[in-house]
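Everything on this sheet refers to the single structure shown next.
Residue numbers begin at 1 in each chain, while the letters A, B, ... track the order of the sequences.
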Number of protein chains: 2
Amino acid sequence: MSKPPTVAISAEDVPCCAPMAYERIPAEVSGTLAQAFKALGDPIRLQLMSMIASAEGGEICVCDLTPAFTISGTTVSHHLKVLREAGLVDAERRASWVYYRPRPGLMRQLSALLAVDEPARA
Amino acid sequence: MSKPPTVAISAEDVPCCAPMAYERIPAEVSGTLAQAFKALGDPIRLQLMSMIASAEGGEICVCDLTPAFTISGTTVSHHLKVLREAGLVDAERRASWVYYRPRPGLMRQLSALLAVDEPARA
DNA sequence: CGGTGGTTTCGACATGCGTCGAGGTTGACA
DNA sequence: TGTCAACCTCGACGCATGTCGAAACCACCG
């Protein structure tokens with residue numbers, strides 16, 4: 001039991017931040033970064049992530065997420081777990097409800113990684 | 001047969017660009033965007049993408065990509081196809097060699113999508 | 001014209017992943 | 001304490017995906 005139950009990686013552990021247009025991504029961190037991109041690589045997870053990231057008050061209840069989709073609550077829970085283990089969101093139980101909150105650290109790193117020079121518009 | 005064979009999407013067709021922290025991603029475009037993220041959601045593809053994006057001269061030969069990995073050339077070709085169909089890279093054959101080039105448009109959109117406010121550091 | 005090297009496609013296989021139903025856990029409330 | 005609602009875990013089911021070898025394709029060069 002050398003690892004906590006749910007939180008797999010902390011966003012701050014990713015030792016890579018330079019835009020990939022400038023610097024090649026080292027093989028050692030490509031796995032961790034790819035896990036985050038893969039977590040966003042599903043239409044439902046991407047919508048979940050955007051609902052969490054744009055939530056008023058910085059957090060949103062699972063009970064507000066589930067009815068936005070036609071899939072079962074079980075599957076929503078599974079997708080949220082993927083986002084959680086990728087380090088993109090954080091969950092907290094309060095009373096009977098579970099609230100999800102974005103983790104801006106990793107999002108910023110991914111955004112920086114994809115950054116490109118200003119278009120050399122003629 | 002309403003879709004062309006190989007080129008799935010053109011980056012400019014993605015009608016979404018506002019940061020997901022501000023605006024929820026519409027369900028209609030989540031599939032296209034998720035396809036791009038999914039393409040980056042593999043360690044090898046992420047390294048391939050970074051090698052292409054950071055290539056000197058703006059392009060790189062497949063013959064320079066393949067020896068950087070231990071997997072077969074067949075598999076490298078497959079991964080490049082995924083990046084191509086996601087709209088992240090472009091390929092051009094010149095003489096006997098094929099050169100890959102990044103497509104900054106979609107990369108910029110993905111980066112903008114993940115953009116977050118400056119950290120409210122105390 | 002045939003051969004050679006670079007690249008992609010094809011067909012096959014094992015693994016991974018999205019989905020669900022059933023059941024478990026947690027907390028609220030009477 | 002019993003019940004109920006919200007959420008998660010477990011186990012299972014197909015489909016998608018990463019991987020490879022063989023073969024096809026393309027461009028150059030004897």
Side-chain angles (χ1 to χ4, degrees), chain A residues 1 3-8 27 30-31 34-49 51-52 55 59-86 88-101, chain B residues 4-8 27 30-32 34-49 51-52 59-86 88-101:
Chain A
M1 64 186 77
K3 64 159 61 173
T6 6
V7 178
S30 64
Q35 186 190 6
F37 281 121
K38 187 189 294 186
L40 297 173
D42 179 276
I44 290 182
R45 280 200 297 269
L46 194 55
Q47 291 179 74
L48 284 170
M49 186 69 217
M51 290 175 75
I52 296 169
E59 61 181 16
I60 188 170
C61 176
V62 175
C63 59
D64 289 326
L65 295 172
T66 306
F69 303 91
T70 57
I71 59 177
S72 72
T74 307
T75 305
V76 171
S77 185
H78 161 71
H79 285 309
L80 289 172
K81 183 180 182 181
V82 174
L83 292 174
R84 230 166 42 218
E85 292 181 338
L88 286 164
V89 300
D90 232 346
E92 181 191 358
R93 170 162 224 139
R94 283 206 308 275
S96 291
W97 297 275
V98 177
Y99 294 88
Y100 276 77
R101 187 189 345 266
Chain B
T6 0
V7 177
S30 65
T32 302
Q35 186 190 6
F37 281 122
K38 186 190 294 187
L40 297 173
D42 179 277
I44 290 183
R45 281 199 296 267
L46 195 55
Q47 292 179 74
L48 283 170
M49 187 68 218
M51 292 175 74
I52 296 169
E59 61 181 16
I60 187 170
C61 176
V62 175
C63 58
D64 290 325
L65 295 171
T66 305
F69 303 91
T70 57
I71 59 177
S72 72
T74 307
T75 306
V76 171
S77 185
H78 161 69
H79 285 309
L80 289 172
K81 183 180 182 180
V82 174
L83 291 174
R84 231 166 39 217
E85 292 181 339
L88 286 164
V89 300
D90 233 347
E92 181 192 358
R93 173 160 223 139
R94 285 207 306 276
S96 290
W97 296 276
V98 177
Y99 294 87
Y100 276 77
R101 189 187 348 265

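Distance A:Ile44 CD1 to C:dC17 P: 16 Å, rounded to the nearest Å. Residue B:Ile71 contributes atom CD1, which lies 14 Å from atom C1' of C:dT7 at whole-angstrom precision. A straight line from CG of B:Leu48 to P of C:dT7 spans 13 Å, rounded to a whole angstrom. Rounded to an integer number of Å, the gap from OH of A:Tyr99 to C1' of D:dC8 is 17 Å. Rounded to whole Å, atom P of C:dT8 lies 13 Å from atom NE2 of B:His79. In this structure, CZ of B:Phe37 is placed 17 Å from P of D:dT17, rounded to the nearest angstrom. Between B:Leu80 atom CG and D:dG18 atom P there is a gap of 13 Å when expressed in whole angstrom units. Remark: P of C:dT8 and CD of B:Glu92 are 13 Å apart, rounded to the nearest angstrom.
Listed pair A:Thr75 / C:dC20 meets the phosphate criterion, a side-chain N or O lying under 4.0 Å from OP1 or OP2.
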Restricting to nitrogen or oxygen on both sides, can you table the protein-nucleotides 1-7 of chain D pairs closer than 3.5 Å?
residue: D:dC7; atom: OP1; partner: A:Cys63; partner atom: N; Å: 3.2
residue: D:dC7; atom: OP2; partner: A:Cys63; partner atom: N; Å: 3.3

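A heavy-atom distance below 4.5 Å is found between the side chains of B:Thr75 and B:His79. At a threshold of 4.5 Å between non-hydrogen side-chain atoms, the residues A:Arg84 and A:Tyr100 count as touching. Taking the side chain as every heavy atom from C-beta outward, A:Leu80 and A:Leu48 approach each other to under 4.5 Å.
A:Arg94 comes within 4.0 angstrom of no nucleic acid atom, judged by non-hydrogen atoms across all strands. Using a 4.0 Å heavy-atom distance criterion, A:His78 is classed as a base contact.
The backbone N or O of B:Ala39 sits less than 3.5 Å from a side-chain atom of B:Arg45, completing a donor-acceptor pair.
Across A:Ser30 and A:Ala27, no two heavy atoms sit closer than the pair OG-O, 2.8 Å.
Distance from the side chain of A:Thr74 is smallest to C:dC20 among C:dC20, C:dT8, D:dC20.
From B:Leu40, atom CG reaches atom CE of B:Met49 across 7.0 Å, with rounding to the nearest 0.5 Å. B:Leu83 CG to B:His78 NE2: the interatomic distance, rounded to the nearest 0.5 Å, is 9.5 Å.
Along DNA chain C, the nucleotide nearest to A:Ser72 and the one nearest to A:Lys38 differ in position, and the one closer to the 5' end is contacted by A:Lys38.
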